[in-house]
There are 2 protein chains.
Amino acid sequence: MLTTKSIYEQILLSIESGALQPGCRLLETDLANQFGVSRTPIREAIRTLESEGLVIHKPRVGAELRLLTQQEIVELYEMRTVLEATASEMAAKHASSSELRTLETLNIQMFEAATDPNEVAIYNRQFHICIINSARNRFLSHSYNSLSHSLILLGKTTLENEKRVQDVTDQHEKIIDALKSGSKYEASQAMREHMEASLDHRLKAVHINV
Amino acid sequence: MLTTKSIYEQILLSIESGALQPGCRLLETDLANQFGVSRTPIREAIRTLESEGLVIHKPRVGAELRLLTQQEIVELYEMRTVLEATASEMAAKHASSSELRTLETLNIQMFEAATDPNEVAIYNRQFHICIINSARNRFLSHSYNSLSHSLILLGKTTLENEKRVQDVTDQHEKIIDALKSGSKYEASQAMREHMEASLDHRLKAVHINV
DNA sequence: TTGCATCCAATTGTATACAATATTTCCATT
DNA sequence: AATGGAAATATTGTATACAATTGGATGCAA
C-alpha cells in the first residue's frame, strides 16, 4: 500500500538512484501518475522534502529539486563535520559495548565488501548512523538525519575503489579505537580528519562530473 | 490571505502564546474551522511541524503537540549549545563589522527593555539568530531554525526579571568582545557559558511549573 | 461485576473537482 | 523583425466528498 510516508521514501530513493536529478522540477501530476495515487499524498511528501531543504518550493510555481553549488557542498560537509565530531565526542562517553562491537563488525563487513560500492555505501551509512545514535541526543540524531538527506543530492558514493575503501576503514578504525578508550578529544579529532578526507574526495568527484 | 505557510506560522504563534499546550491533540477539523480554511492546508502545515519534530503523528490517529521530558530538555539545550558555540566560532572569522554593530545595538536595546519580558525575548532571539547567520553556513542556520522551533515548546522565556536581564546582557557582551577580537576559542567558550546559565534557569523554571 | 464482541461515532487518508495564478504561445502592431 | 499584449495552457492551491481506520460505547454473557 502506498501511503504518504512511503511515497516520501520512494522519492528519496528516486533521488538517490538518479531518476530524479537535482535541478529538475517535481510536477505533482507526473509524480501522482507515476506512483498511481492522487496529488494529495504527493503534495504532503513534497512539503516534508521542502522543510528538510531538499526541495525549493516557489508558491504557485512548484517545487524543484535543490541543486547545490560548490560553496553549499563545502558548507554541507562543514556542518556534517560539526555534527559527527560532536557525536563522536559524546559517543566516547555514552557508547555501549554492544554499539562498539557493532561498529567493529560494520567496519569489517565494509572492508570485505570492498568490490561492491553500493554495499560499501550501505555499511558506511550504518556506521555513521550508529555513532550518531551512540551520542544519546535525540535532537542531534534528528538534525543529522535531515542533513544526510541533503547528502544524497550529491549523488553516488565516493567509495568507488578498493584503495579508497581501505583508507576509509583505516580511518574508521582510528575512530573506533578512540571511542573504545573513551577519549573524547581523540574521537572527535579522528572523525574530523575522516570528514576532511571525505570532502576532499567529494570535491574531486564534483570536479570530474563538471 | 491565509495560505499554508501563514497557517504554519499561526500554529507556531499559538504554541508560543500557550493557546496550544504541549501534549494536546491537533484536530484537523478544529484547526480548519478556527482558521476558516479547509483541512488541506492544515494537513500540510502539520506535516511540516511533524518533520521539524514539534508534533508526534500517529497514522490514522492524528497529531499531537510533543511534550518534552526533562531529559529531552537537557538534550535540546545540549544540541543548542553545540550549534551556537560552533556558530560563534565561525562568526569570529566571518562576522562583518555591520553584524558586530547590530549585535551591540541589539544588546543595548535588550538592556533598555529590561522591564518588558516579551520585548526582551524578541531582542534576545534576534541576537542569537544574528550570530548564527554570521557563521555563513546555510545548513547550520537551517538546523538552528528547526531547533529553535522546538524551543518554543518549552513556553515562555526565562528572562523574567531585571537582574536576570543584566546577567544575560553581560554574557552577551563577553561574546561580542570575543567576536570583535576574532578569537574563535573565546567566542565559543563565552557562548557555552551563556548556554549553561540559560539551561540552569530553564530547569529551575520547569521545576517551579511542576 | 467483569470480560468480550459488536456496533457506532469521530477522525484521518485519499481522490477529485474547482479556483487562482503563472507561463507560454501566438498574433497584432510598430 | 521585434515587441507588447491577450488568449490559451499548464500547474498549483483549496475545498469537498468519500473511504478506511480507530477508539470508545453499548450490550450481552459468564
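A note on names: the letters A, B, ... follow the listed sequences, proteins ahead of strands, and every chain is numbered from 1.
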- Within residues 27-45 of chain B: residues closer than 4.0 Å to DNA chain C (heavy atoms): B:Leu27, B:Glu28, B:Arg39, B:Arg43
- Residues pairing under salt bridge (charged side-chain N to carboxylate O under 4.0 Å, His left out) where one sits in residues 127-142 of chain B, two or more places apart or in two chains, turn out to be A:Glu72-B:Arg138, A:Glu75-B:Arg138, B:Glu99-B:Arg136
- Message: With a 4.0 Å cutoff (strictly under), does any side-chain N or O of A:Thr4 reach OP1 or OP2 of C:dG13?
- Response: no
- Those residues that, when tested against B:Arg125, pass salt bridge (Lys or Arg N to Asp or Glu O under 4.0 Å) (two or more places apart): B:Glu16
- Message: Just to verify, what does A:Lys93 make a side chain to side chain donor-acceptor pair (under 3.5 Å) with, not counting sequence neighbours?
- Response: none
- A:Ser17: what forms a side-chain contact (heavy atoms from CB on, under 4.5 Å) with it, not counting sequence neighbours? A:Ala19
- How far does the helix from C:dT1-D:dA30 to C:dT30-D:dA1 bend, going by the axes of its first and last five pairs, to the nearest 10°? 0°
- Query: Restricting to pairs with a member in residues 23-32 of chain A, which pass side chain to side chain donor-acceptor pair (under 3.5 Å), not counting sequence neighbours?
  - Reply: A:Glu28-A:Arg39, A:Glu28-A:Arg43
Could you go through residues 108-118 of chain B and list every donor-acceptor pair under 3.5 Å that involves a side-chain atom there, pairing it with any protein atom two or more places apart or in another chain?
{"residue": "B:Asp116", "atom": "OD1", "partner": "B:Asn118", "partner atom": "N", "Å": "3.1"}
{"residue": "B:Asp116", "atom": "OD1", "partner": "B:Glu119", "partner atom": "N", "Å": "3.3"}

- Decide whether B:Thr169 and B:Asn107 meet the rule of one side-chain donor and one side-chain acceptor closer than 3.5 Å. no
- Task: Please list, chain by chain and in numerical order, all residues satisfying side-chain contact (heavy atoms from CB on, under 4.5 Å) with B:Ala63, sequence neighbours excluded.
- Result: B:Leu26, B:Ile46, B:Val55, B:His57
- Contact check, residues 58-67 of chain B vs DNA chain C, heavy-atom distance under 4.0 Å, returns B:Pro59, B:Arg60, B:Val61, B:Gly62
- Query: Residues in side chain to side chain donor-acceptor pair (under 3.5 Å) with A:Ser51, at least two apart?
  - Reply: B:Ser51
- Item | OP1 or OP2 of D:dG13 under 4.0 Å from side-chain N/O of A:His57 | yes
- Mind calculating the distance between CD (A:Glu50) and P (D:dG13) to the nearest angstrom? 9 Å
- Message: Per the salt bridge (charged side-chain N to carboxylate O under 4.0 Å, His left out) rule, what does the pair list look like for residues 50-60 of chain A, sequence neighbours excluded?
- Response: A:Arg47-A:Glu50
